[in-house]
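This report refers to the structure that appears directly beneath it.
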Amino acid sequence: EDGKVAGVRLEGGRELRASGDPALIADVACSTVETELMRDRIDLAQAQLATGQHALAQLKQPDLGTSLSCVQAEAHLARKQGDFDLAIARISEAIERAERAGRTRGNMYPKLLSFLGAVQQQRGDLVASYDTLKKEQRLAEELGRTETADYLSSRRAEAVLLMAFGEYAEAQGIIEAIVRRWSALTGDDSVPVWLSHSRGVLMHKFGDLQGAQRELAAAATRARAQGSVGRAFSI
């Protein structure tokens, strides 16, 4: 049985389809799309999405979570292919469906908002991205989730957008607050690469060249060790 689930990843879904359960096929296949995209295996991601969508179409009343997972998978694929309009349309559809169903207090909804904001920013819609980000933050505050790594990451994204707007002083205040809270939250004085990078950029902006060099060099060293230089330094 374990081989059947693994088969959707390893063999394009042949073994999983043999299980005959379209709900399971759709859930696993669509959940696998992002994993394949992270590995730059676009053909396999397309195959998984097609498998998931075909299985979903066989269900009279598909589970909302599975349906949204497949819509989100389509958005991830569109983004990878550079079709930001399609990605935004699909993720907006998922958000609207979640809101109509009253499914806004779980883990999926804030992830949908975060994804939408990221694609809006990538397309250059900075104001729309900022509005989406603040909506995500207000939700976290209402749910009492401000002492989480996800919330601090969202605040860092806000600082990056403020930098794009030229609001460097406000951005620096946010970044320094995140650094303090991150250490208190995790008990680790070594902040993540993405946070260290933003801090270094702002130090340079305000003339602290030695501090900027130290922060950016440390961030680069850790990023290379983690094999994630491109992702770490994307602001």
Side-chain angles (χ1 to χ4, degrees), residues 1-101 103-123 125 129 132 136 149-150 153-154 157 194 226-232 234:
E1 287 75 11
D2 291 343
K4 291 179 180 178
V5 175
V8 73
R9 177 173 62 84
L10 297 174
E11 299 185 28
R14 288 190 295 273
E15 292 183 26
L16 187 62
R17 282 196 294 270
S19 73
D21 184 346
L24 177 61
I25 293 168
D27 184 43
V28 176
C30 289
S31 297
T32 306
V33 171
E34 187 177 1
T35 301
E36 300 295 4
L37 291 175
M38 290 176 65
R39 296 170 177 170
D40 290 323
R41 303 199 298 200
I42 296 178
D43 289 348
L44 287 178
Q46 290 174 320
Q48 299 291 9
L49 179 60
T51 296
Q53 290 175 331
H54 178 74
L56 200 64
Q58 299 177 45
L59 299 171
K60 292 182 179 180
Q61 292 183 318
D63 175 73
L64 179 62
T66 301
S67 296
L68 295 185
S69 177
C70 288
V71 174
Q72 187 176 11
E74 186 179 358
H76 276 294
L77 179 59
R79 181 190 188 186
K80 184 74 171 181
Q81 295 175 318
D83 192 343
F84 301 135
D85 289 342
L86 178 59
I88 288 173
R90 289 296 177 265
I91 210 67
S92 296
E93 174 192 339
I95 288 170
E96 291 170 4
R97 290 177 62 181
E99 289 173 345
R100 287 198 303 269
R103 299 276 290 272
T104 61
R105 304 183 74 82
N107 293 325
M108 176 172 280
Y109 184 72
K111 290 180 179 178
L112 293 173
L113 290 175
S114 178
F115 182 47
L116 175 62
V119 180
Q120 288 171 328
Q121 182 178 354
Q122 197 169 1
R123 191 174 69 170
D125 298 338
S129 179
T132 300
E136 179 190 352
D150 284 344
S153 178
S154 173
W194 48 264
Q226 296 168 8
S228 58
V229 175
R231 185 179 301 175
S234 59

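All values reported here derive from a predicted model rather than from experimental measurement. One is the number of the first residue; the rest follow in order along the sequence.
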* To do: Check step by step if side-chain contact (heavy atoms from CB on, under 4.5 Å) holds for Arg97 and Val71.
  => CA-CA 10 Å; Arg97 290 177 62 181; Val71 174; 3.9 Å; yes
Min side-chain heavy-atom separation [X]-[Y] under 4.5 Å:
{"X": "Thr35", "Y": "Arg41", "answer": "no"}
{"X": "Glu74", "Y": "Val33", "answer": "no"}
{"X": "Val119", "Y": "Ile91", "answer": "no"}
{"X": "Arg100", "Y": "Glu96", "answer": "yes"}
{"X": "Ile42", "Y": "Leu77", "answer": "yes"}
{"X": "Thr132", "Y": "Glu136", "answer": "no"}

Taking all heavy atoms of [X] and all of [Y], pick out the closest pair and write down the distance.
{"X": "Ala73", "Y": "Cys30", "answer": "CB-O, 3.6 Å"}
{"X": "Arg79", "Y": "Phe115", "answer": "NH1-CE1, 3.4 Å"}
{"X": "Ser69", "Y": "Ser31", "answer": "OG-OG, 3.7 Å"}
{"X": "Ala98", "Y": "Tyr109", "answer": "CB-CD1, 3.9 Å"}
{"X": "Pro22", "Y": "Leu59", "answer": "CG-CD2, 3.6 Å"}
{"X": "Ala26", "Y": "Thr66", "answer": "CB-CG2, 3.8 Å"}

Could you tell me the separation between the [atom1] atom of [X] and the [atom2] atom of [Y], rounded to the nearest 0.5 Å?
{"X": "Leu112", "Y": "Asn107", "atom1": "CG", "atom2": "CG", "result": "11.0 Å"}
{"X": "Met108", "Y": "Leu68", "atom1": "CE", "atom2": "CG", "result": "5.5 Å"}
{"X": "Asp83", "Y": "Gln81", "atom1": "CG", "atom2": "CD", "result": "7.5 Å"}
{"X": "Leu49", "Y": "Gln72", "atom1": "CG", "atom2": "CD", "result": "12.0 Å"}

* Asked: Going through the distances and angles, do Lys80 and Asp40 end up as a side-chain contact (heavy atoms from CB on, under 4.5 Å)?
  -> CA-CA 9 Å; Lys80 184 74 171 181; Asp40 290 323; 2.6 Å; yes
* Asked: Is Thr51 reaching over with its side chain to a backbone N or O of Ala47, donor-acceptor style, under 3.5 angstrom?
  ->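 Between the backbone of Ala47 and the side chain of Thr51 there is a qualifying donor-acceptor contact (under 3.5 Å).
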